[in-house]
Amino acid sequence: MKIWSNSEDARHRIWSLQDVFKASINDYLFIDNSLRELEKYVGNILDRKTAEAVIELVCKCHARLMDLGAENDITSDHYFKKCLTYLEADNYGAASSMISQIHSVVESFLSGCLIIRVDATAQDYLSREKLFGDMVYKKFPETRKDIFESGMCYAYDRYTACVLHTLRVIEVATRRITKRASIIKALANKKDKSGNSLVFSPKDGLGQKASKLHDAADYIRGKKQEKLRSAAMHIKSIASALRNPTMHTEREFTEKEAKLAMDNANMLMNDLCCV
């Protein structure tokens, strides 16, 4: 189960506070425990030794809060630094007062954060820039953003969006491979019914491009032939199973279908890297 807010403002904040959502529950527990511990020192900082212990606790709590996305929260940052200044100056009364203020501003910050629980099984897809492997990341830089987003959408249970990003990856990669000179030359050896050489057309859909890539593979030798045929089959199956249905606005995809789309795209992209 995931927790979402229905307000438009909250939906914008979900994506502007992504660092918060990558955090572990342990981060929140640490801050909560630190605040409770700091409260015990209010009015009880009487010597330098105690002040040093409070300084260490304040610094750790502040650092963890920054990791949670509070680097732009000027108010909480101000109170933490002010408290440290008082402690360093041995102004323990003012430091105690500031600790009380810290508790309030941190609670205010955390109450404004929206939390999404990501299942442990989906964490492998979260924030993975190289979700399809190093070779795909290196050879198809134009697909990096959509591959990254497909993983993020899968992790957040946005399966239809995941499929859409995955299809964009496939379309971009297919378009590029059909522009490769060696592939175009190989396809030209294949003749249509009128005896004309086959060519890739801008009007070709994914299924048509897949068929032509399969034809081109007949005139390519070695391991590249096997990889191109495999890629063509992946493109054709994806086109028939996903491409056309996705264009219907009422179509929604399940977790199983999104996973299947990503797995097929992964195999396809790695095949294309070897062509």
Side-chain angles (χ1 to χ4, degrees), residues 1-129 131 148-149 151-158:
M1 178 181 178
K2 298 187 177 177
I3 303 170
W4 296 86
S5 168
N6 291 323
S7 74
E8 188 66 30
D9 177 60
R11 282 199 294 274
H12 286 305
R13 285 191 291 157
I14 281 173
W15 298 108
S16 65
L17 291 174
Q18 283 190 29
D19 285 341
V20 174
F21 304 133
K22 296 173 190 174
S24 162
I25 189 65
N26 291 329
D27 293 316
Y28 293 98
L29 291 174
F30 178 87
I31 290 175
D32 184 59
N33 291 333
S34 296
L35 292 175
R36 293 176 188 274
E37 192 67 25
L38 281 171
E39 276 189 310
K40 296 177 183 178
Y41 286 105
V42 175
N44 295 314
I45 308 173
L46 305 176
D47 52 42
R48 192 65 214 162
K49 184 178 179 180
T50 306
E52 290 294 340
V54 176
I55 287 173
E56 183 179 359
L57 193 56
V58 167
C59 287
K60 286 181 178 179
C61 186
H62 182 242
R64 190 68 67 94
L65 195 65
M66 294 302 104
D67 290 341
L68 285 176
E71 65 271 5
N72 295 322
D73 191 316
I74 300 172
T75 305
S76 60
D77 188 54
H78 168 77
Y79 280 106
F80 272 104
K81 290 179 178 177
K82 201 73 172 174
C83 182
L84 289 172
T85 300
Y86 288 140
L87 287 167
E88 292 290 353
D90 295 335
N91 189 344
Y92 304 143
S96 289
S97 175
M98 203 54 60
I99 288 173
S100 297
Q101 296 293 329
I102 285 174
H103 195 285
S104 297
V105 296
V106 171
E107 279 192 342
S108 176
F109 168 76
L110 292 178
S111 66
C113 295
L114 299 175
I115 300 173
I116 303 175
R117 181 179 65 81
V118 177
D119 293 334
T121 54
Q123 286 186 5
D124 288 342
Y125 298 90
L126 193 63
S127 300
R128 288 279 303 280
E129 292 186 347
L131 187 61
F148 176 84
E149 290 297 338
M152 292 288 283
C153 289
Y154 182 80
Y156 288 136
D157 290 0
R158 301 171 69 214

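- Taken from CG in Leu87 to CD1 in Ile45, the straight-line distance is 5.0 Å, to the nearest 0.5 Å.
- Expressed to the nearest 0.5 Å, how far CG of Leu126 lies from SG of Cys153 amounts to 11.0 Å.
- Salt bridge status for Arg128 with Asp124: absent, with no side-chain N to carboxylate O gap under 4.0 Å.
- Going from atom CD of Glu107 over to atom CD1 of Ile31 covers 11.5 Å, rounded to the nearest 0.5 Å.
- Atom CD of Gln101 is separated from atom OG of Ser104 by 6.0 Å, given to the nearest 0.5 angstrom.
- Met98 contributes atom CE, which lies 9.0 Å from atom CG of Asn91 (distance to the nearest 0.5 angstrom).
- Scored by the side-chain hydrogen bond (donor to acceptor under 3.5 Å, both in side chains) test, Thr50 finds Asp47 as partners (sequence neighbours excluded).
- Closest non-hydrogen pair, Leu38 versus Ile99, comes out as O-CG2, 3.6 Å.
- Each ring-ring contact (aromatic ring centres under 6.0 Å, His included) pair with one or both residues in residues 36-57, not counting sequence neighbours, would appear here, but there are none.
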Worksheet item: Yes or no on side-chain contact (heavy atoms from CB on, under 4.5 Å) for Glu88 and Ile55, after CA distance, side-chain angles and deciding distance?
Response: CA-CA 8 Å; Glu88 292 290 353; Ile55 287 173; 3.6 Å; yes

Practice prompt. Could you go through the salt bridge (Lys or Arg N to Asp or Glu O under 4.0 Å) check for Arg36 and Glu39 one step at a time?
Written response: CA-CA 5 Å; Arg36 293 176 188 274; Glu39 276 189 310; over 6 Å; no

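- Ionic pairing of Glu52 and Lys49 is not present here: no N-O contact between side-chain nitrogen and carboxylate oxygen is shorter than 4.0 angstrom.
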Practice prompt. List the steps, then state whether side-chain contact (heavy atoms from CB on, under 4.5 Å) holds for Lys60 with Arg64.
Written response: CA-CA 6 Å; Lys60 286 181 178 179; Arg64 190 68 67 94; over 6 Å; no

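- Residues Val105 and Phe80 have side chains not in contact (no heavy-atom distance under 4.5 Å, counting atoms from C-beta outward).
- Smallest separation of non-hydrogen atoms from Asn44 and Ser96: N-OG, 4.5 Å.
- Tyr92 contributes atom OH, which lies 3.5 Å from atom CG of Asp90 (distance to the nearest 0.5 angstrom).
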